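Worksheet: one structure, shown below.
In this text, all values refer to a predicted model and were calculated from it rather than measured experimentally. Residue numbers begin at 1 in each chain, while the letters A, B, ... track the order of the sequences.
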Protein chains: 2
Amino acid sequence: MTPQVIEPVSHESLAVVLQVREDRLCVLLWQRAQSPARGCWALPGGLLAVGESLESSIQRHLAAKVDVAELAHLEQLETRSDPSRLHGHRLLATAYLGLIPIDAEPAVPDDTCWHPVDALPPLAFDHAELVAAGCERLRSKLSYTNIGFALAPATFTISELREIYRAALGHEISASNLSQVLLRRQEITPTGGARRPGPAGGRPAATYRFCTRTLEVTDRFAVLRPPAPATSGS
Amino acid sequence: MTPQVIEPVSHESLAVVLQVREDRLCVLLWQRAQSPARGCWALPGGLLAVGESLESSIQRHLAAKVDVAELAHLEQLETRSDPSRLHGHRLLATAYLGLIPIDAEPAVPDDTCWHPVDALPPLAFDHAELVAAGCERLRSKLSYTNIGFALAPATFTISELREIYRAALGHEISASNLSQVLLRRQEITPTGGARRPGPAGGRPAATYRFCTRTLEVTDRFAVLRPPAPATSGS
DNA sequence: CCAAAAGTGTTGAATGTACACCCATGG
DNA sequence: CCATGGGTGTACATTCAACACTTTTGG
């Protein structure tokens, strides 16, 4: 309709990196030392380089903040393009969701630290919305995929897994129901091993592991599923 | 790690526009008259202009192909950034999913027409994957949101709605179960009116409409839901 | 032998599919 | 009065939350 100049535009990748720390879901943020938004906290990321995909870009920039080998899962969230998202500066941003297992303890630079998602400091630009979108994506996928593998250690007890789910979902979870659901869906399986009880005693806890450590949908088509195939007798 | 030149890059918006036509889910495609991918079919879209958001961009480009007022729903799908997605040309693409109600009959240019998604011609670049992603998004959301409103006319009988769901999902749906589910979820409501029976007779069909025509999640948290609040025994 | 932690089983509610049955209309 | 399409109700299966009960350890 209205004639408009067409020209290339700068593009950045950002990451909402989540990890459960001290029973709370936390996001990795760094504090801006320079204008704009000086002093505000921001998501890690940076500009897209020539010949680079967005996924490579976010991995490259994340490497400056954490050991990307610790990333158990990475998926694209959404792309923001509001011309005013950076107060007049023109910059598109594609956000990713990254997950780090609870037992990883990546070293981070001085300007970077973890913040509980339910007690965030003032965030730069539209980063607060992106954190919210990342948490929402994680919470949804916890209920219909095996994405818990990306927050959990290699082996764990049901109690430990329950702490992780509780922190990520933000509400209580029954340990017995959790194991029932995840076992029936064949997301987790017993390792055969057990954990020694604590000083207060108690029955030793069996250890489990996720059957696969890549994303799988375990509850597809809750409703409006295809009709059952005629059960061939015999 | 590896030092790389950073510079702006061109960006396009693309749309997977879906409509049920003659009982089949169809996607809007136009045929490329010029190289590259000459003769191949492609998704509508075009380059992002200065000072424009991606959402504005896709609406502007779509306006050249269809009446955007017919679009009942538009949402972002994903952003593709593989440097080789255009055979060496560097161009990012953000894809959108657009839905058009069955009773809209938008005029389209000569180079543009509707193709059933289960019988696609050769598509340019990565457009086939984007069509698949759009269909998958639609099918998933049909089972846990009210997104059917964007494919259905303002009022409809259960039989008509069943045809739409069947075409979109790609499998049979029972009319009685469909109405049961959608009524219980309060997605649809009877209008009070009825449709005259056809020449073969039959009971007049009651007409319904969607309660709201904006996207709402109607089946959130199939599992791992928060504990029931203590019922305050009044 | 008792408290604490873990695991198992049962119950009841909700949801969904399949299917039988009843209703209204045109010929 | 019967065929045809539309609508309602019931039976059954599955899934899940809630909770009681049992098991295994440390003191």
Fill in the blank from the handout: Rounded to whole Å, the CZ-P distance (B:Phe156 to D:dG5) equals 21 Å
Problem - Terminal axis angle for the helix from C:dC1-D:dG27 to C:dG27-D:dC1, five pairs an end, nearest 10 degrees - result: 20°
Practice task
Scan side-chain atoms only and decide if A:His73 and A:Glu75 contain a donor-acceptor pair under the 3.5 Å cut-off.
Solution key: yes
Exercise for the section: Not counting sequence neighbours, which residues clear side-chain hydrogen bond (donor to acceptor under 3.5 Å, both in side chains) with A:Tyr165? List them please. Expected result: none
Handout entry: B:Lys141/B:Glu136 salt bridge by N-O under 4.0 Å criterion
Key = no
Problem - Whole-Å gap separating C1' (D:dT4) and CZ (B:Arg195) - result: 18 Å
Handout entry: Lys/Arg-Asp/Glu bridge criterion (N-O < 4.0 Å) met for A:Arg166, A:Asp23
Key = no
Exercise for the section: Under 4.0 Å between any heavy atoms, over every strand shown, what does A:Ala206 touch: base, sugar-phosphate, or nothing? Just pick one. Expected result: sugar-phosphate
Exercise for the section: Find the distance B:Ile188:CD1 to D:dG7:P and express it as a whole number of Å. Expected result: 10 Å
Exercise for the section: Report yes if at least one side-chain N or O of B:Arg184 is closer than 4.0 Å to OP1 or OP2 of C:dA14; otherwise report no. Expected result: no
Practice task
Send over the distance from A:Tyr144 OH to D:dT15 P, rounded to a whole Å.
Solution key: 19 Å
Exercise for the section: Just jot down the ring pair (Phe, Tyr, Trp, His ring centres under 6.0 Å) partners of B:His115, sequence neighbours excluded, or say none. Expected result: B:Trp41
Exercise for the section: Indicate yes or no: does B:Glu12 engage B:Arg85 in a salt bridge with an N to O separation below 4.0 Å. Expected result: yes
Exercise for the section: Would you kindly give the CG-to-P distance between A:Leu178 and D:dC16, to the nearest whole Å? Expected result: 11 Å
Fill in the blank from the handout: Sequence neighbours excluded, the answer for ring pair (Phe, Tyr, Trp, His ring centres under 6.0 Å) partners of B:Phe156 is B:Phe210
Exercise for the section: Send over the distance from A:Glu172 CD to D:dA18 P, rounded to a whole Å. Expected result: 11 Å
Fill in the blank from the handout: For nucleotides 19-27 of chain D, 5' to 3', base contacts (B), sugar-phosphate-only contacts (S) and non-contacts (-) with protein non-hydrogen atoms under 4.0 Å give B---BBBSS
Practice task
Answer yes when B:Lys65 and B:Asp111 have at least one side-chain N-carboxylate O distance shorter than 4.0 Å, and no when they do not.
Solution key: yes
Handout entry: Inter- and intrachain pairs under side-chain hydrogen bond (donor to acceptor under 3.5 Å, both in side chains), touching residues 191-203 of chain B, at least two apart
Key = B:Glu160-B:Arg195, B:Thr191-B:Thr207
Handout entry: Value in whole Å for how far the P atom of C:dT15 lies from CD of B:Glu187
Key = 13 Å
Practice task
Name the nucleic acid region contacted by B:Thr157, choosing base, sugar-phosphate or nothing; use a 4.0 angstrom heavy-atom cut-off, strictly under.
Solution key: nothing
Practice task
Figure out the CZ/P separation between A:Arg166 and D:dA17, and round it to whole Å.
Solution key: 16 Å
Exercise for the section: Assign each of A:Gln180 and A:Ala205 to its nearest nucleotide of DNA chain C by heavy atoms, then name whichever residue's nucleotide is nearer the 5' end. Expected result: A:Ala205
